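Everything numeric here is computed off the predicted structure, so don't read it as measured data. Basis for what follows: all heavy atoms, side chains included, without hydrogens, waters or symmetry-related copies.
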Amino acid sequence: QDIAGCRIIVSDILEQDDVLEKLGRLFPKNRIVDRRLKPSFGYQAVHVIVEVVGYPIEIQVRTTLQHAWADYSQTLSDILDPQIKYGGGPSTMSEGLMEYSTGIQEIEALEKSTLIAIKETDGFERLSLKQKIQSLNVIKQNIIISLTHAKGRTEGYQFGFKKGYEKGREEFDDFLN
């Protein structure tokens, strides 16, 4: 059980990996709980539990998308049903949150592979890859906006959630095709 904690929010998975590496060097005695590949009820993040003066401190490292999802999930849990965070609550909510989580994984995996490819290429291909990142950033921003707008709604929450998800998903599908 940790006695304190903090959160670091980064732009993408590569930056998240970089921060984790730096935290590992700064706090060699640590334990990492990585919920990116196997999310907990849709929750994705990396928790680094470090020891400071003999006390456990939890450092959450999230991307902006992971944070927007977690923030919205927490709000739904606070307003509608505390079990939403644990996969419970109205099925439309838990299913919608899981779809968002899966979409975030797909976007972040594509973004990561594209950022790595940019580092390894040059010329016209690099320019094309940078344009792909710009398109992904628009999609990410739309998802963050839809989650932010949906957050805190007690009436009509489904409409805001579904509409934002459908718009983000439609843009992502168009982008892949």
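Interatomic distance, Ser135 OG to Glu111 CD, rounded to the nearest 0.5 Å: 12.0 Å. Atoms NE2 and CD1, on His67 and Ile8 in that order, are 13.0 Å from each other to the nearest 0.5 Å. Here CG of Leu127 is found 11.5 Å from CG of Asp122. Values are rounded to the nearest 0.5 Å. Atom CG of Leu23 is separated from atom CG of Leu20 by 6.5 Å, given to the nearest 0.5 angstrom. Interatomic distance, Leu65 CG to Gln141 CD, rounded to the nearest 0.5 Å: 9.0 Å. In this structure, CG on Leu115 lies 8.5 Å from CG on Leu136, to the nearest 0.5 angstrom.
At a threshold of 4.5 Å between non-hydrogen side-chain atoms, the residues Ile116 and Glu120 count as touching. Considering only heavy atoms from C-beta on, Phe27 comes within 4.5 Å of Ile59 through its side chain. Annotation: side chain of Asp17 is not in contact with side chain of Val46 (no heavy-atom distance under 4.5 Å).
Ile13 and Ile9 fall into different hydrophobic clusters, where Ile, Leu, Val, Met, Phe, Trp and Tyr are joined by side-chain heavy atoms under 4.5 Å apart, directly or via other members. Note: the hydrophobic cluster containing Tyr72 does not contain Ile145 (ILVMFWY, side chain heavy atoms under 4.5 Å, direct or indirect links). Phe41 and Leu37 fall into different hydrophobic clusters, defined by Ile, Leu, Val, Met, Phe, Trp and Tyr side-chain heavy atoms under 4.5 Å apart, directly or through other members.
Tested against Glu108 for a side chain to side chain donor-acceptor pair (under 3.5 Å), the candidates Gln16, Arg36, Gln66 yield a single pass: Gln66.
In the displayed structure, Arg31 atom CZ is contacted under 6.0 Å by at most 12 heavy atoms of other residues, nucleotides or ligands.
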**OP:** Start with the C-alpha distance between Gln44 and Ser101, add both sets of side-chain angles, then the distance that settles side chain to side chain contact (heavy atoms under 4.5 Å, CB included), and finish with yes or no.
**Re:** CA-CA 8 Å; Gln44 300 175 57; Ser101 179; 2.9 Å; yes
Original post:
After noting the C-alpha distance and the side-chain angles of Ile133 and Asn137, does the key distance pass the side chain to side chain contact (heavy atoms under 4.5 Å, CB included) rule?
Top reply: CA-CA 6 Å; Ile133 287 295; Asn137 285 336; 3.7 Å; yes
**OP:** Go through the steps for Val33 and Ile49 under the test side chain to side chain contact (heavy atoms under 4.5 Å, CB included), then give the verdict.
**Re:** CA-CA 8 Å; Val33 179; Ile49 296 91; 4.0 Å; yes
**OP:** Apply side chain to side chain contact (heavy atoms under 4.5 Å, CB included) to the pair Ile118 and Lys130, showing each step before the final yes or no.
**Re:** CA-CA 7 Å; Ile118 286 172; Lys130 285 185 175 184; 3.9 Å; yes
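Nearest heavy atom pair, residue Trp69 against residue Leu97, reads NE1-O, 2.9 Å. Residues Ile144 and Ala68 come closest through the heavy atom pair CG1-CB, 4.1 Å. A pairwise comparison of heavy atoms in Gly42 and Pro39 identifies C-CB, 3.7 Å as the closest pair.
With 3.5 Å as the limit, one finds no donor-acceptor pair spanning the side chains of Glu125 and Thr121. Side-chain atoms of Tyr100 and Ser73 form no donor-acceptor pair, as typed in the model, at a separation below 3.5 Å.
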Hey, can you pull the donor-acceptor pairs under 3.5 Å for the side chains in residues 83-90, sequence neighbours left out?
unit_1, atom_1, unit_2, atom_2, d
Lys85, NZ, Gln74, OE1, 3.3

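Panel note: side chain Thr114, backbone Leu110; a donor-acceptor pair is recorded below 3.5 Å. Under a 3.5 Å cut-off, the side chain of Glu15 and the backbone N or O of Ser11 do form a donor-acceptor pair.
Checked for salt-bridge contact, Asp12 and Lys140 miss the test: no charged N lies under 4.0 Å from a carboxylate O.
Among residues two or more places apart in sequence or in another chain, the side chain to side chain donor-acceptor pair (under 3.5 Å) test is passed with Ser113 by none.
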